[in-house]
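Here is the structure we will look at.
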Amino acid sequence: MSASEKARQLRSLVRLLTDASEIVIREWEAEERRGRLKHGNTIPSRELYDARRVIHGACDMCADLVQDPLSRLEEMSHGALTLMESLYLLVAAGIPDILAEVAPGEGMSICELSHRTNINCQKLARVLRLLCTKHVLSEVRNDHFANNRTSQYLVHNEPAQSLLLMNGFGVYTKTMDRLPSVLMDPAKTHATAPNQAAFQEALGTDLTFWEWCEQDVRQPDGTLQPNSLLKTFTSAMMATGKLVSSSIISDYPWAALGPAKVVDVGGGVGSMCMELAAKFPQLQFVVEDRKPVIEQGRNVWASEMPQVVQDGRIILRVHDFFHEQPIKGAEVYFLRYILHDWSDDACVTILTRLRDAMTASSRILVADMVMNTTVGSSFLKTAPPPLPANYGSASIFKNMQDLAMLALFNGTERTPEQLSALAARAGLKVVKIWECRSLVSITEMRLS
Ligand SMILES: C[S@@+](CC[C@H](N)C(=O)[O-])C[C@H]1O[C@@H](n2cnc3c(N)ncnc32)[C@H](O)[C@@H]1O
């Protein structure tokens, strides 16, 4: 790229940053006038949502433009694992909760933190300083650390803490470590089965991730106990679900469905339906999943939403989504975080079972990440140039999740075109992609 091209690009990015920043500042001021404190997971306006994406993508593109390529590559190559493990240590040692005991302006001395966590003082300081450099924590004066806006979010927040613990668990790091060798192995590179992924190579098992998680683990005293990863995973799913559920509720016209039946296929314990039930009293729900999950779900609903159970608005039933769908003609068949776990052929079977149960007024709502490429898609909003069509780094988490699905299950996050192709193979058509103000969008499918 010539000097003048680089200059043009840098100036354009800075203009984007300036304009988007003004939008963010206006929204902050409006919030302050309304006297409400905004937390990270409330729903932003469309304008604010897009401005955030622009700032995120443009900052990284500016860095790419001005940074030396080798230092950038070196930073990325070291960065992910080091950051992941530092975040893991932060949470595993309980540091955000400990720091919540002191005034943010004062902070806590590293000696006190070392005493409370039993971690060597100098070594702990180095880990915390890496997180300060990444703006996750603050060093308010020499050797004194305090929570900031980001680490404060973790304080006594078990689901959010579980998310960071889960990623730092050996299972995930070992699995990602085996991904390159599995992709380069001619015998394994084309595998699509959920028990022939990097996960099986890493853990030396033939079981799928789900089966492995549900196996009891022998303890040092010889007793068998449930795998602790399962509990952490369920809690982490709650944190991820919470991040996206408000946008799923706000960005699809649920109220217009009236007294409709929603079948949550592979619905887990039914956490999404709980949120919908609280908001839309006319809706009726069926949550379907595997037996151990449904048993857990019955307890959760009895304690959290007993009135909905008594009113007969919720049915929890054991159902394998590869078999005939027994609830015929429901208005909505909802699939959140299901298709991304499975290969195309498996997804076509899941969708075909639903197609066979649908009538003209039924729809399938797929709530998954919808991937955009840097080149763009006619189904999705395109970022302003010179950003790539998918807003660049603002979408990087989607690509990371996509590779996590590949490594764990041979699963995939899909583009609109790939979702349309799946729908067509199952005798369905995509009628609309509802772009939600979160990482997950809703793809609506009808009978074709
Ligand atoms: C990633 S979780 C998503 C759960 C829920 N939809 C949500 O958004 O919280 C995938 C779910 O699929 C369920 N599942 C896996 N295989 C299944 C099958 N063959 N039939 C029904 N449910 C299945 C799992 O038990 C799990 O609850």
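Whatever order the structure lists ligands and atoms in, that order sets their numbers, starting from 1.
Of the possible polar contacts, none joining the R353 side chain to the Q325 backbone as a donor-acceptor pair under 3.5 Å is found. The main-chain N or O of G392 is found under 3.5 Å from a side-chain atom of N390 such that the two form a donor-acceptor pair.
From the protein, the heavy atom lying nearest to atom 15 (C) of ligand 1 is R290 NE, 3.7 Å. For atom 22 (N) of ligand 1, the nearest non-hydrogen atom of the protein is F321 CE2, 3.3 Å. Scanning the protein heavy atoms around atom 5 (C) of ligand 1, the nearest turns out to be G266 O, 3.4 Å. Atom 1 (C) of ligand 1 has as its closest protein heavy atom Y337 O, 3.4 Å. Of all protein heavy atoms, the one lying nearest to atom 12 (O) of ligand 1 is I338 CD1, 3.6 Å.
Atom numbering of ligand 1 starts at 1 in the shown order; those under 4.0 Å from a heavy atom of F322 are 19 (N). Listed by number with element, the atoms of ligand 1 under 4.0 Å from a non-hydrogen atom of H319 are 20 (N), 21 (C). Counting the atoms of ligand 1 from 1 in the order shown, those under 4.0 Å from a heavy atom of G268 are 4 (C), 5 (C), 27 (O).
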Review point. Could you walk me through whether S343 and D345 pass the side-chain hydrogen bond (donor to acceptor under 3.5 Å, both in side chains) check?
Key: CA-CA 6 Å; S343 68; D345 288 345; 5.5 Å; no
Practice item. Report the C-alpha separation of S45 and E27 in whole Å, then their side-chain angles, then the decisive distance to 0.1 Å, and conclude whether the side-chain hydrogen bond (donor to acceptor under 3.5 Å, both in side chains) test is met. Key: CA-CA 9 Å; S45 67; E27 295 262 355; 2.7 Å; yes
Exercise for review: Could you give me the CA-CA distance, side-chain angles and deciding distance for S362 and T359, then say whether side-chain hydrogen bond (donor to acceptor under 3.5 Å, both in side chains) is met?
Suggested key: CA-CA 5 Å; S362 307; T359 58; 3.3 Å; yes
Practice item. Report the C-alpha separation of F285 and W301 in whole Å, then their side-chain angles, then the decisive distance to 0.1 Å, and conclude whether the ring pair (Phe, Tyr, Trp, His ring centres under 6.0 Å) test is met. Key: CA-CA 12 Å; F285 302 95; W301 281 83; 7.0 Å; no
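Of the heavy atoms in L335, none comes closer than 4.0 Å to ligand 1. Contacts between V293 and ligand 1 below 4.0 angstrom, taking non-hydrogen atoms only, involve the side chain exclusively. Residue-level proximity to ligand 1 for E288 is absent, since no heavy atom of it falls below 4.0 angstrom.
S271 places a side-chain heavy atom less than 4.5 Å from the side chain of R336.
A salt bridge links K291 with E295: the closest approach of a Lys/Arg side-chain nitrogen to an acidic carboxylate oxygen falls below 4.0 angstrom. With respect to the salt-bridge test (charged N to carboxylate O, under 4.0 angstrom), the residues K261 and E331 do not qualify.
Among I248, D320, D289, the residue whose heavy atom lies nearest to atom 27 (O) of ligand 1 is D289.
Considering both main-chain and side-chain atoms, R336 comes within under 3.5 Å of ligand 1 through a nitrogen or oxygen pair.
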